[in-house]
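Heads up, the thing below is written out as structure tokens.
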Amino acid sequence: MRGAADEAEHPKYAHLEIERRWLVDADKLAHADLGDPVAIHDRYIEGTRMRLRRMERGGATVFKLTRKYECDEADARPIVTAYLEQAEHEVFASLPALELTKTRFKLAHGENVFSIDRFNGALEGLMLAEIEMDDLAALRALPDPPWAVRDVTHELPYQGATLARAGIPKD
């Protein structure tokens with residue numbers, strides 16, 4: 001039987017998110033076929049580690065509530081996501097939160113498909129790429145894509161809540 005401390009550190013219903021992120025040189029993607037856009041509106045609920053997300057594509061809207069957990073493994077962390085109805089989303093949307101909006105595209109490169117996020121509003125001009133994989137060794141062996149400026153996977157200033165709070169990093 002699992003204890004409360006173990007459950008808090010390794011949530012029972014979580015799956016591992018294994019990902020890497022890169023700062024993108026937008027000029028190098030100027031002529032790339034980025035596929036169909038998805039409009040994303042994130043709200044990082046103040047005083048929590050929860051992210052409320054609204055995703056819109058082609059008239060369809062998806063609502064999610066997500067929490068990511070810290071763990072010892074730097075490139076993989078437990079994540080729990082609940083899919084919400086619009087009325088449920090509206091309840092959480094009434095809570096104080098830091099917000100950001102972005103447009104997400106899919107970009108095939110070699111055998112991999114990357115998510116490319118182009119940020120809007122106060123983060124206009126910022127582009128990040130990410131990839132999720134099931135195999136941590138393959139993820140770590142993946143070379144930087146040619147349009148990447150650098151890997152920012154472990155850089156706090158490039159995480160969603162920090163971007164919503166502090167804006168584009170000055171580096």
Side-chain angles (χ1 to χ4, degrees), residues 8-11 13-29 34 37-57 61-84 89-107 112-133 136 139-140 142-145 147-171:
E9 187 173 327
H10 304 285
Y13 298 104
H15 75 274
L16 277 183
E17 180 182 63
I18 303 170
E19 70 175 2
R20 283 180 62 195
R21 280 177 275 126
W22 294 268
L23 180 61
V24 170
D25 181 339
D27 291 337
K28 291 184 179 177
L29 287 181
L34 295 178
V38 177
I40 297 176
H41 182 179
D42 286 338
R43 294 178 50 84
Y44 295 89
I45 300 172
E46 291 184 16
T48 75
R49 296 185 49 111
M50 307 291 286
R51 179 190 69 209
L52 184 65
R53 174 170 281 180
R54 182 180 72 232
M55 301 174 65
E56 300 171 353
R57 179 190 341 215
T61 304
V62 174
F63 304 101
K64 299 179 184 183
L65 182 64
T66 300
R67 184 175 192 299
K68 295 181 181 183
Y69 294 79
E70 295 303 320
C71 69
D72 294 337
E73 186 57 59
D75 297 323
R77 61 185 165 178
I79 180 173
V80 176
T81 297
Y83 288 82
L84 306 174
H89 180 270
E90 289 172 7
V91 169
F92 288 107
S94 69
L95 298 172
L98 300 167
E99 299 184 41
L100 65 76
T101 60
K102 59 189 178 184
T103 305
R104 175 167 287 169
F105 304 91
K106 294 294 184 188
L107 177 62
N112 299 300
V113 177
F114 293 82
S115 294
I116 307 293
D117 290 339
R118 183 177 63 212
F119 290 82
N120 308 314
L123 298 170
E124 188 79 34
L126 177 63
M127 287 182 79
L128 295 176
E130 71 177 42
I131 191 167
E132 291 186 31
M133 301 178 104
L136 185 55
L139 180 76
R140 288 180 173 160
L142 185 69
D144 291 346
W147 25 264
V149 174
R150 71 173 191 275
D151 187 317
V152 295
T153 303
H154 305 293
E155 295 186 33
L156 182 61
Y158 289 96
Q159 293 180 4
T162 306
L163 286 169
R165 181 181 320 103
I168 297 176
K170 315 256 186 296
D171 50 16

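For the numbers below, each heavy atom of this structure counts, side chains included, while hydrogens, waters and symmetry mates do not. FYI, the numbering just counts along the sequence from 1.
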Assess the residue pair D144 and R150 against the criterion (side chain to side chain contact (heavy atoms under 4.5 Å, CB included)); give the C-alpha distance rounded to whole Å, side-chain angles, the decisive distance to 0.1 Å, and a yes or no.
CA-CA 7 Å; D144 291 346; R150 71 173 191 275; 5.9 Å; no
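- When each of L84, L95, T66 is checked for a side-chain contact (heavy atoms from CB on, under 4.5 Å) with L52, only L84 meets the rule.
- Between Y83 atom OH and R53 atom CZ the span is 10.0 Å, to the nearest 0.5 Å.
- Going from atom CZ of F114 over to atom CD of E132 covers 12.5 Å, rounded to the nearest 0.5 Å.
- In this structure, the side chains of I45 and L65 come closer than 4.5 Å at one or more pairs of heavy atoms.
- The closest side-chain heavy-atom distance from E130 to R104 is below 4.5 Å.
- Only one option out of V113, N112, I18 pairs with I131 in a side-chain contact (heavy atoms from CB on, under 4.5 Å); it is N112.
- The minimum heavy-atom distance between P157 and P169, with the atom names listed, is O-CG, 3.4 Å.
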L23 and L126: side chain to side chain contact (heavy atoms under 4.5 Å, CB included), yes or no, with the steps?
CA-CA 8 Å; L23 180 61; L126 177 63; 3.6 Å; yes
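- Between the OH atom of Y69 and the CD1 atom of I79 there is a distance of 10.0 Å, given to the nearest 0.5 Å.
- Nearest heavy-atom pair across A129 and I116 is CB-CD1, 3.6 Å.
- A donor-acceptor distance shorter than 3.5 angstrom exists from the side chain of R20 to the backbone of L142, with no hydrogens or angles considered.
- Side-chain contact check for S115 versus K106: some heavy-atom pair is nearer than 4.5 Å.
- A distance-only check finds no donor-acceptor pair linking the side chain of T103 to the backbone of P37 [under 3.5 Å].
- For the atom pair W22 CH2 and T153 OG1, the distance stands at 6.0 Å (nearest 0.5 Å).
- Although no hydrogens or angles enter the test, the distance criterion places a donor-acceptor pair under 3.5 Å between the side chain of R43 and the main chain of A93.
- Separating the CD atom in E155 from the OG1 atom in T162 is a distance of 11.5 Å, to the nearest 0.5 Å.
- Side-chain contact check for R21 versus Q159: some heavy-atom pair is nearer than 4.5 Å.
- To the nearest 0.5 Å, atoms CG (L163) and CG (L98) are separated by 11.0 Å.
- Of all the heavy atoms in I168 and E124, the pair that sits closest is CD1-O, 3.6 Å.
- Listed for the R49 side chain is a donor-acceptor partner under 3.5 Å among the backbone atoms of K68.
- Contact annotation: the side chain of R118 never approaches that of V24 to less than 4.5 Å [non-hydrogen atoms, C-beta and beyond].
- The closest side-chain heavy-atom distance from T61 to R54 is below 4.5 Å.
- In this structure, the side chains of D42 and K102 come closer than 4.5 Å at one or more pairs of heavy atoms.
- Side-chain contact between L107 and W147 is present, with at least one heavy-atom pair separated by less than 4.5 Å.
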